[in-house]
Amino acid sequence: MEIHGEEKGRFLFNLSANLRAILRESPRHFLKLLILPLALLWVSGQAHAQQPVGAVTDNEVNEVARDIYCPVCENVPLDVCPTQACADWRTIIRQQLAEGQTKEEIIDYFAVRYGEQIRSAPPRYGIFWFFWLIPVLGVGLAAIFFGRYVWQLQKRPSTSKPPGVTAVAKEDYLAQVEKELGKK
Amino acid sequence: MLADIGYVTVIAAFAVAVYAVAVSIYGNWKNDWRWVESARNASIAILGLVVLACVLLVTALLQGDFSIDYVWRVSSREMPTYLKVTALWGGQAGSLLFWNMILAVFTATAMAHKWHNEHERYLLPHALAVATVTQVFFLGLTAFVENPFTQLAFTPADGNGLNPLLRHPGMIIHPPMLYLGFTGLTIPYAFAMAALITGKLDEGWIRITRRWTLAGWLFLSLGLILGGRWAYDVLGWGGYWDWDPVENASLMPWLAGTAFLHSVMIQEKRNMFKMWNMFLIILTYCLMIYGTFIVRSGVISSVHSFAQSAVGPLFFGFISLMFVFSAYWLIRRRDELASENRLDSLLSREAAFLFNNFVILAILGATFWGTNLPIVSELVTGEKITVGSPFYEQVNGPLFAVLLLLMGVAPLTMWYRTSTQRLGIMMRWPALAALVFVAILFFLGIGTWGSLLGLWIVTFAAIITLLEFWRGTAARMRSKNEPVWVAYANLLARNRRRYGGYWIHVGVIVMAFGIIGTEFFQQEIQINLNRGESVELGDYRMTFNGVRQYAGPDDLIITEASADLYHNERYVRTLYPRTEFYTRSGQPMSIPAARSTIGEDFYVLLILWEQTSSASAVFRIYLNPLINWVWAGGFIFVLGTMIAAWPDPVDNTVAAASVRRRRPSLAAGD
Amino acid sequence: MSEITHQEKVIDGQRSTTRWDAILIWGGVLALLAILGWGLLQTFNSPPTDVAPGFEMRFYDGYHWDEKAVAHLDDMQGQIVVLNFWASWCVECRLEADLLEQAWRDYRDRGVVFVGIAYVDTEQHANQYLEEFGITFPNAPDLRTAISRQYKITGVPETFFIDRDGRIVRHIIGPVQPAVLTSLLDSMLAN
């Protein structure tokens, strides 16, 4: 979802988080980047030079942001998304962490406002449980059927003779290898 | 002028392809080989036309003919020459044309095969038709929907230029590798369908296409590895794989291809499990076209939201046709495909390969489920959901562990049966040694249960595989009296498939070590540093020196930070992470700087959205243990595949002999 | 796989009529195609053009409609509704903010309701934006992106003009132009 007038990307290739976010750059961020050269002229320190003791660190924010996906961009987690909107959301995460909210609570907060798509994996309640259950059950069931299939294969009467494999000891194995090396 | 020729050339290629399909079917129906020959010649004509079209497009790119829409989109005056050439696959229309060219090359080459065998000649018309139907579809897209030679109403002064993210070496070679892989795998599929349709269900089609399968699979593997490497080097999120739908679209055919590669060995050795092999190659092809469909149609949201065009529905039509066509013939011939042999023992190599099939299909199923889940969810619950790494890690992780374990044990199994006693003896010491290794780690306080289990499995597999080399070499040394290196070289040379395969396994094991290292032991820190300040991570300390800004080639503005790296307080080197900004496209990128050793990478990124100045900058630093094992493993993997694929003069005589032997038992359908 | 059914046929001595493998394969293929086809259709879905989809609004504090904190679009039937999607992080939205507020003040007594829907925004920033432009018409967050998905918007700002019977008369993508706004409202009021 984007500001109007922006071209959508049309590439085949295997692009990753940054590209997704970057392709979805908002004009406001574009302007911000033009200011970068000017920023070099700054002599005085930045607003956030030192982090006061007890404040929420970037790492703690990232810890939560990693598992929240940007509601607007495609498939970008908040810890790598460069847009202004994502920066706003990271600020919210920071505020909530400072208020003592847990990661779960923060994610739920986002989910209520922006939908379940912000979760990095399908939620684990209600009908969504099936989304997890189905692959697990599927593999389990498949394993059972596969087991039956293999068992039945094994029980069929033998039609071909194995080439005299009675080797047990190591030396016999080597003999086997040599035999196989001799022929092809 | 050039654009007009190009435009017509593509349409002509499409027409010839349609002719080729029609004529090969007709010739087969009327049993008139001349028509089939004509079709075969037509495939060469298609090749010529498509190559011409590519040459024309590249010429237009090099000349900077911006009256052509595609050239305007992906090229610009100040781009370096090599980029102008690679811009051929830099956008949708060009990449489709490029795909067509590769497919044409492969089809023409495969069909030029000399048909020694009357018996095998029956396959030709059908294989040609199936491969060319694929060509018809993609050429149709190129000719009528996404023609790269479409012209603009006016001629702009300059073009847009290639997307900045595509201007790196990894990105230049990654798409061609993938295309080579996908189209390479079309050939075995075409022959498999030919076998199904004609009823010639013995392993003839497998033998003819074995090198194609291996080559296609190799290129696909390369494409995946290079894609990961490129993501790691350039895209700046510290990782190399995140289970994005587009990544999965390439992974799934690769998984099916891997299962197929293994499974055909059973058919060649013991003429069993034909149904599996048919099923697997069909699955590989279908996953491949399904993958290109979801990528280009925007059905599953990912980076690639293509504007709504006719591409989506046309693709849907094509995949529907091919799915139904494949399913129909597979089901129609299933009785003939049923194998006569049986499984002598659950501990045999055949059984191991079967288990292998099963585990790979389980991973494939889970991945397929996860990839399609967003659509299913919207259909069923009305809610969109995201299926990210946590889902795949939890569901696929255990399955990969089982697969690796299987990979470790499989070389110990023998055809027909392996005695439990022997198997136990062979597994005992490697298992113990691996356990000792893991126990040491445990007592050193390193690792969680999951990672330790993974490490045990991988170490176990590594020891067994390496022992296989030793045993083989020792056997040769003993019997032929050769010194170690000669024995080893001869071992490889005489048994390329087996030992090449073992080298591939070694590659996988090394990669697995790397993946376990980065997945379980990665450390990360994000911190704002003022000039002169330091940050510590692991045994490293990094000090921020300052920032400089300069203009780069093209229309680039580069903001580069300089930071000194110390390991155990000794100066190692200076790192230069930077952000790149292409003024024309307004897209910023953060390019990491890394110090790589065997043990780990110290990987630094500038945070794009934070202010970077000489006074202060925000860095994100990753410590990625064993990451370089992933790339090294990939390299070994590729080497192993090349060893395994190297032509072996012995192959042909044995193949001919086995065909003569098997003739009387040809399947029904003659 | 077919080996099992083949085996069963041989052992039982009679031809099994249900071919599970065939059913499984065809079922799988058709189910997959159905899902993909449906997904493809979704990407082609265009925004509503006739009946305006109904939805619930939980207004921001201070931006209630008719003293109500929660309302449904149906509650507004009988009035002309100007449904405007915006976001505080949207630069283009700022171009029309003043215009919309002015038009609200001009037309509110004539049976026209302006409703702003904050798309994927945060309460804090949304409120700041509203205060900055002195907005007084009702505004609500697009909870769970439900409303924007119903209206299939492709970005912000987008504005839907809904007549008294709940039908969408016009859908404007991008900032609204003053002349267009007044002429459209006038003609809708005249009908």
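These numbers were taken from a predicted model, which means no experiment stands behind them. To find a chain, count down the sequence lines: A is the first, B the second, and so on, and within it residues start at 1.
Taking chain A as the reference chain and counting heavy-atom pairs below 4.5 Å, the highest number among B:Asn490, B:Leu423, B:Thr381 is found for B:Thr381. Taking chain A as the reference chain and counting heavy-atom pairs below 4.5 Å, the highest number among B:Ile607, B:Ile525, B:Val387, B:Val395 is found for B:Ile525. Residue with the most contacts toward chain B among A:Ile134, A:Val139, A:Asp67, A:Val61: A:Ile134 (heavy-atom pairs, distance under 4.5 Å).
Of the atoms belonging to B:Glu524, heavy atoms from both backbone and side chain fall under 4.5 Å from chain A. Neither the backbone nor the side chain of B:Phe368 has a heavy atom closer than 4.5 Å to any heavy atom of chain A. No part of A:Val136 comes within reach of chain B, as not one of its non-hydrogen atoms sits under 4.5 angstrom from that chain. If you measure heavy-atom distances from B:Ser377 to chain A, the contacts under 4.5 Å come from both the backbone and the side chain. The part of B:Leu399 that comes within reach of chain A is its side chain, from C-beta onward, which places non-hydrogen atoms under 4.5 angstrom from that chain. Contacts of B:Arg531 with chain A are absent, with no heavy-atom separation under 4.5 Å from either backbone or side chain.
Taking the centre of each ring, A:Phe131 and B:Phe391 stay at or above the 6.0 Å mark.
Note that A:Arg113 lies in the cation-pi zone of A:Tyr109, set by a 6.0 Å cut-off to the ring centre and a 45° limit from the axis. For the pair A:Arg94 and A:Trp89, the cation does not sit on the ring face, since its NZ or CZ is not both under 6.0 Å from the ring centre and inside 45° of the axis. Under a cutoff of 6.0 Å and an axis angle of 45°, B:Arg270 and B:Trp415 do not form a cation-pi pair.
Looking only at side-chain heavy atoms (C-beta outward), A:Asn75 and B:Thr386 come within less than 4.5 Å of each other.
Classified by interplanar angle (parallel below 30°, tilted 30° to 60°, perpendicular above 60°), the ring pair B:Trp241/B:Trp243 is perpendicular.
The heavy-atom pair separating A:Arg119 from A:Glu116 by the smallest distance is NE-OE1, 2.6 Å.
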